[in-house]
Amino acid sequence: MKGEAAKNSFFTKSLMNWHERDNTRDLPWKSEKDPYKIWLSEIILQQTRALQGLPYYLKFTEAFPTVKDMAACADEQAFRLWQGLGYYNRCKNMLATARFITDELDGHFPDKHEDILKLKGIGPYTAAAIASFAFGLPHAVVDGNVYRVLARYFGIETPFDTTEGKKLFAEKAQSLLNTSDSAGYNQAIMDLGATVCTPQTPKCGDCPLQRNCTAFHENTIALLPVKSKKTVVGTRFFHYLLLQTDDQIWIRKRTGKDIWQNLHEPFLLEYSEALNSNSLQALMNEKGLHFSTENMVYEGNLKQRLTHLLVETRFFGIKMKAPIKLPDNDGTWVSVKDLKNIAFPKTLVSFFEKKLYF
DNA sequence: AAAGCGGGGCT
DNA sequence: AGCCCAGCTTT
């Protein structure tokens, strides 16, 4: 085995050569020079696969060609465009940053790493990505791809989801950076992780780093990288009461520290287990929900699996002649035809589509 | 340091 | 069913 310095230089050189030779992923933000659009793409791509984020990137760049356009939009328009992409705080922070740049920086995206890092919704990864892609600054990105490639190539067994691990991988990545082409290097290492050094069944036969890859030679590919925490998946049971007149439905905006913040939903009753019509009515009586439920109809259920949560949702339709006042004062009656302009969680979008609400 | 936050693709 | 994705924020 070579010495550490040789192993490092082989890594960077081989990676760059591979990228120039075999770069096949053609994505619109790769050739982008506008810092605003690079920023937008990086926010969308946080914890999101490129192909999942792509249609959202196209929608947003069309709706908001400049940061000024985004800053001027109504919040609800942005959340509706973001609908289905998940991690909705990204959208909230994105709007705040667009307005900060427009109002405080005269529309000019900050071009120093430390200033970029201060923006809302931008952490170490995104700051390095924007700094290198938009401004050519020498900052190495560290994302899930980088953890995997580095852990395997160097045989690093330190868990990456710890303070120690994050520091170790960040320093290693920075030391490997080709500072004369930091953008190309960052693209290359992420592309390799996404297309060759994949989590399961990596294509080691196509890998330019195989000759010096520690995990390949020690047969530890499947064991690296090491993650210390296991995600625990719980279950929650939602029951939506679809309170409707002929052309209106009652909805509210979700607030508080919980999932789906800033999205909308019908009247929700959450319980520790799934309820049927009878037990649900008993619960409604307990809670003092005295509107007539004689026309309550079970309309089906949906299960949605999130990373840390399984949400089982049951839907109950309740028709009424006229809007009523609910104890939940934060909701409103809206016209069913207006639902197309309001953002909902994916499970509600699925239900509405199935029931032809929009 | 740990927990919380979506949705989807792949195996 | 488990893993993880161009991670960040809050506690």
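This structure is a prediction, so every number in the text was calculated from the model and none was measured. Hydrogens, waters and symmetry mates play no part in the numbers below; they use all other heavy atoms, side chains included. Numbered from 1 within each chain, the chains take letters A, B, ... in sequence-line order.
Between A/Phe60 and A/Trp82, the ring-plane angle classifies as perpendicular under the 30° and 60° cut-offs. Using cut-offs of 30° and 60° for the angle between ring planes, the A/Trp29 and A/Tyr57 rings count as perpendicular.
Looking at heavy-atom distances under 4.0 Å, A/Trp260 makes contact with sugar-phosphate atoms alone, never a base. Residue contacts shown for A/Thr126 are limited to sugar-phosphate atoms, with no base heavy atom under 4.0 Å away. Using a 4.0 Å heavy-atom cutoff across all strands shown, A/Leu85 reaches at least one base atom of the nucleic acid. Counting non-hydrogen atoms under 4.0 angstrom, A/Asp258 reaches the backbone sugars and phosphates but no base. Base engagement by A/Arg305 is indicated by at least one non-hydrogen atom pair under 4.0 Å involving a base atom. Residue contacts for A/Gly84: at a heavy-atom cut-off of 4.0 Å it reaches the sugar-phosphate backbone alone, with no base atom in range. Counting any heavy atom pair closer than 4.0 Å across all strands shown, A/Gln187 reaches a base atom.
Distance A/Trp82 CH2 to B/dG8 C1': 15 Å, rounded to the nearest Å. The nearest whole Å value for the distance from the CD atom in A/Gln47 to the P atom in B/dG4 is 16 Å. Summarising the geometry, the separation between NZ on A/Lys257 and C1' on B/dG6 is reported as 20 Å, rounded to the nearest angstrom. The CG atom of A/Asn89 sits 13 Å away from the P atom of B/dG7 (whole-angstrom rounding). Look at NZ on A/Lys229: it is 12 Å from C1' on B/dG4, rounded to the nearest Å. To the nearest angstrom, P of B/dG6 lies 10 Å from CZ of A/Arg236. Going from atom CG of A/Leu45 over to atom P of B/dG7 covers 17 Å, rounded to whole Å. In this structure, A/Met94 atom CE and B/dC5 atom C1' are separated by 17 Å, rounded to whole Å.
Side chain of A/Trp250 to backbone of A/Pro323: no donor-acceptor contact under 3.5 angstrom is found.
The shortest distance between the side-chain N/O atoms of A/His308 and the OP1/OP2 oxygens of B/dG4 is not below 4.0 Å. A close approach under 4.0 Å does occur between a side-chain nitrogen or oxygen of A/Lys346 and OP1 or OP2 of B/dG8. Taking 4.0 angstrom as the limit, A/Gln304 places a side-chain polar atom (N or O) nearer than this to OP1 or OP2 of B/dG7.
To the nearest whole angstrom, the two P atoms, one in C/dT11 and one in B/dG6, are 15 Å apart. Comparing the same atom, C1', in C/dA6 and in B/dA3 gives a spacing of 23 Å after rounding to whole Å.
Take the nearest nucleotide of DNA chain C for A/Leu119 and for A/Lys230: the residue whose nucleotide is more 5' is A/Lys230. The 5' end of DNA chain C is approached more closely, in terms of each residue's nearest nucleotide, by A/Gly193 than by the other of A/Gly193 and A/Lys120. Toward the 5′ end of DNA chain B lies the nearest nucleotide of A/Tyr87, the other residue of the pair A/Tyr87 and A/Thr201 mapping further downstream.
For A/Asp143 and A/Asn145, the side-chain atoms include at least one donor-acceptor pair closer than 3.5 Å.
Residues A/Tyr88 and A/Phe79 place their aromatic rings such that the two centres sit no closer than 6.0 Å.
Evaluation of the side-chain hydrogen bond (donor to acceptor under 3.5 Å, both in side chains) test over residues 226-241 of chain A, restricted to residues two or more places apart or in two chains, returns A/Asp161-A/Ser228, A/Arg236-A/Asp258, A/Arg236-A/Glu270, A/Tyr240-A/Glu265.
In the interface, the side chain of A/Thr48 is not paired with the base of B/dG7 through any donor and acceptor atom under 3.5 Å apart. A donor-acceptor contact under 3.5 angstrom links the side-chain atoms of A/Gln52 to the base of B/dG7.
Residues A/Lys172 and A/Glu4 are paired through a salt bridge, judged by an N-O separation under 4.0 Å between the basic side chain and the carboxylate.
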Name each donor-acceptor pair under 3.5 Å that joins a side chain in residues 108-131 of chain A to protein atoms two or more places apart or in another chain, with its distance.
residue  : atom : partner : partner atom : Å
A/Tyr125 : OH   : A/Glu42 : OE1          : 2.8
A/Thr126 : OG1  : A/Gln46 : NE2          : 2.9

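To the nearest 0.5 angstrom, A/Arg314 atom CZ is 6.0 Å from A/Asn301 atom CG.
When DNA chain C is scanned 5' to 3' for any atom under 4.0 Å from a heavy atom of chain A, the first and last hits are C/dG2 to C/dT11.
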